[in-house]
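Report on one structure; see the data block that follows.
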Protein chains: 2
Amino acid sequence: MLPEKTVERLSMYRRVLQTYQDNKSEFIYSHELASLLHLTPVQVRRDIMLIGYTGTQRKGYSVRELIEKISQILDGGAQINAVIVGMGHLGKAITNYFNSKRSKIEIVAAFENDATKINRIISGIKSYHTDSLETILEDTHATIAILSLSPPEAQDITDRLVFAGIKGILNFTSIPLNVPEDVFLENYDMVTSIEKVAYFVKEKIKK
Amino acid sequence: MLPEKTVERLSMYRRVLQTYQDNKSEFIYSHELASLLHLTPVQVRRDIMLIGYTGTQRKGYSVRELIEKISQILDGGAQINAVIVGMGHLGKAITNYFNSKRSKIEIVAAFENDATKINRIISGIKSYHTDSLETILEDTHATIAILSLSPPEAQDITDRLVFAGIKGILNFTSIPLNVPEDVFLENYDMVTSIEKVAYFVKEKIKK
DNA sequence: ATAGTTTTGTTAATAAAATAACATTGTTTT
DNA sequence: AAAACAATGTTATTTTATTAACAAAACTAT
């Protein structure tokens, strides 16, 4: 099992490499990849070492092979299905953004309570009423859920998602969720991020 | 200067405390605050120690005082102005979300290129054409920028923001930005987050 | 009042992440 | 062919973050 930070960077390596692939050389040096992401060459080499890929000395890494290896590590070749709960602005932002990327992860369904949004295709995703969550999850075999709904319902929905077999949750609501140990939970809170920026700006200016 | 992770948690403590304040007791124990956020009591106590606040033994922390102390640390009492660049779904999601919270950080202007969105009030924020970025920044004395625009323009906008005096950037675009050393840059990438969840789900199932 | 309990505050230990150091290998130059 | 160079791969060190350990204080019960 790779370190969290390495996994995050692998995702970024792959994305950068995919755009690099289209126009540039067949090989890439660790310092080139590093500078594309503002990292150090050592960190790039260490991450690549951890996934067991090995480049050729003096030539660097084969872009194609490296993408392949990272993909194999990150999604293991298998298609992964995700659902999104809450199709407000955030939900639409995520789906729009996500569908424009090449990825083995596919958002296969959205859930909403707002009647005007149900049984329509929104941002390319078929949207269902929250009531049919269990049925759709069974049909689609989704293992991941993205939560972009309003806080009050978040824990209820989470319980139902987990019960229906969801194994990973990306939580954009500001409330801390309760999940069993075998479910991987990743939280992201925009307000916290902005407050963090504000704090470090203040500290930097102080100096 | 506090550790990054502590700053993040302080932001979350404050939020949780603010809702706690309304209905519950005057004091709170470290283990209570911890369990509200799924952290350990030790971590809570250590963070609180780092900001130099001290509770009373056997009674816990005064909710009011702790909120005050955290606020003093995070925003130092001063109002902080932020702008947002890009008022697509993501921009709207952020502003809606943010304006519903009590905070010393205020989003004072939005920038857009889309003519239909300019000189209107969107999600409660006055929206301007990107051309007037420099003028508005001078007027509002904003120090923080949130980037929720489409990638191609991101670096250009960043250069202009930095030149106009922005000291902190929260970047939601997927491209890595170049900023001078004295500007604090925080990146958040949704695709990376989802791919991370997918990886750890896969690994957990494997076991 | 004394012993026991509960909670804070702080130091010590451990774990995770990043960085530095360097050995190795293939390429180029002379 | 030998020396110099430039890149990778890996181990060692340092830094950052978390967790554990425990002393001190304040309340409770006997």
Side-chain angles (χ1 to χ4, degrees), chain A residues 1-13 17 24-63 65-66 69-70 73 176 181 184-187 192 196 199-200 203, chain B residues 1-13 17 24-63 65-66 69-70 73 176 181 184-187 192 196 199-200 203:
Chain A
M1 185 119 68
L2 297 167
E4 287 213 12
K5 298 290 175 185
T6 295
V7 174
E8 288 176 16
R9 283 190 298 267
L10 287 174
S11 162
M12 298 193 291
Y13 296 154
L17 287 170
K24 303 273 171 50
S25 137
E26 194 185 338
F27 285 83
I28 191 168
Y29 294 127
S30 62
H31 66 258
E32 290 174 318
L33 185 47
S35 96
L36 288 171
L37 287 159
H38 306 124
L39 302 170
T40 65
V42 203
Q43 194 158 53
V44 170
R45 293 208 300 277
R46 222 181 174 291
D47 287 335
I48 292 175
M49 183 197 85
L50 289 175
I51 62 173
Y53 178 68
T54 155
T56 56
Q57 244 149 1
R58 194 80 193 212
K59 275 178 92 178
Y61 305 96
S62 153
V63 175
E65 279 179 23
L66 186 49
K69 184 72 186 186
I70 293 175
I73 295 284
E181 261 212 6
F184 183 86
L185 174 63
E186 172 83 1
N187 296 296
T192 292
K196 181 178 164 187
Y199 172 80
F200 284 106
E203 290 301 308
Chain B
M1 187 117 68
L2 298 166
E4 288 214 11
K5 297 289 176 185
T6 295
V7 174
E8 289 176 15
R9 282 189 299 265
L10 286 174
S11 161
M12 298 193 292
Y13 295 155
L17 287 170
K24 302 273 170 52
S25 137
E26 195 186 336
F27 285 83
I28 191 168
Y29 294 127
S30 62
H31 67 258
E32 290 173 318
L33 185 46
S35 98
L36 287 171
L37 287 159
H38 305 126
L39 304 170
T40 64
V42 203
Q43 196 158 52
V44 170
R45 292 208 301 276
R46 220 179 176 294
D47 287 335
I48 291 175
M49 184 196 84
L50 289 176
I51 62 172
Y53 178 69
T54 155
T56 55
Q57 244 151 1
R58 194 80 193 216
K59 276 179 91 179
Y61 304 96
S62 152
V63 175
E65 281 178 21
L66 186 50
K69 184 73 185 183
I70 293 175
I73 295 284
E181 261 211 8
F184 184 86
L185 175 64
E186 171 84 1
N187 296 296
T192 292
K196 181 178 163 187
Y199 172 80
F200 284 106
E203 289 302 306

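Proteins come first, then strands; the chains are lettered A, B, ... in the order of their sequence lines, and each starts at number 1. These numbers come from the heavy atoms of this one structure, side chains and all, not from hydrogens, waters or symmetry mates.
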(message) For D:dT18 and B:Arg9 - does any side-chain N or O of the residue sit under 4.0 Å from the phosphate oxygens OP1/OP2?
(response) yes
(message) Whole angstroms only, please: what is the NZ-P distance between B:Lys59 and D:dA26?
(response) 12 Å
(request) Look at the side chain of A:Thr40 and decide which nucleotide, out of C:dT19, C:dT8, D:dA7, has an atom nearest to it. (result) C:dT19
(message) Show the nearest heavy-atom pair for residues A:Phe27 and A:Glu32, with the distance to one decimal.
(response) O-OE1, 4.4 Å
(request) Consider the side chain of B:Gln57, meaning its heavy atoms from C-beta on, and name the nucleotide among C:dT10, C:dT7, D:dT8 that approaches it most closely. (result) C:dT7
(message) Please classify the nucleic acid contact of A:Gln43 as base, sugar-phosphate, or nothing, using heavy-atom distances under 4.0 Å.
(response) sugar-phosphate
(request) Rounded to the nearest angstrom, tell me the gap between atom CZ in A:Arg45 and atom P in C:dA18. (result) 16 Å
(request) Whole angstrom is fine here: how far is it from OH in B:Tyr61 over to P in C:dT7? (result) 12 Å
(message) Counting the atoms with a prime plus P, OP1 and OP2 as sugar-phosphate, which does A:Thr54 contact under 4.0 Å by heavy atoms, base, sugar-phosphate, or nothing?
(response) sugar-phosphate
(message) Heavy atoms from C-beta onward define the side chain here; which of D:dA21, C:dG26, C:dT11 lies closest to that of B:Arg46?
(response) C:dT11
(request) Round to a whole Å and report the spacing from CG of B:Asp47 to P of D:dT18. (result) 8 Å
(message) Using a distance-only criterion (donor-acceptor N/O pair, under 3.5 Å, no hydrogens), is the base of C:dA16 paired with the side chain of A:Glu4?
(response) no
(request) Starting at atom CG of A:Leu39, determine the distance to atom P of C:dA17, rounded to an integer number of angstrom. (result) 15 Å
(message) What is the distance, to the nearest angstrom, from the CG atom on A:Leu66 to the P atom on D:dT8?
(response) 11 Å
(message) Under a 3.5 Å distance rule, please check whether B:Glu65 uses its side chain to pair with a backbone N or O of B:Ser62 as donor and acceptor.
(response) no
(request) Measure the distance from CG on A:Leu33 to P on D:dA7 and round it to the nearest whole Å. (result) 14 Å
(message) Determine whether a donor-acceptor pair (N or O, by modelled atom type, separation under 3.5 Å) exists between the side chain of B:Tyr199 and the backbone of A:Leu2.
(response) yes
(message) Counting only heavy atoms not in B:Glu4 (residues, nucleotides, ligands), do more than 12 fall under 6.0 Å from its CD?
(response) yes
(request) For the pair B:Phe184 and A:Phe200, name the ring-plane relationship: parallel under 30°, tilted 30 to 60°, perpendicular over 60°. (result) parallel
(request) Please state how far atom CE in B:Met49 lies from atom P in D:dA17, giving the value in whole angstrom units. (result) 14 Å
(request) Just compare D:dT28, C:dA21, C:dT8 and give me whichever is closest to any side-chain atom of B:Ser30. (result) C:dT8
(message) Using the side-chain heavy atoms of B:Val42, tell me which of these nucleotides is nearest: C:dA18, C:dT24, C:dT10.
(response) C:dT10
(request) Answer with yes or no whether A:Arg58 presents, from its side chain, a donor or acceptor under 3.5 Å of a partner atom in the base of C:dT25. (result) no
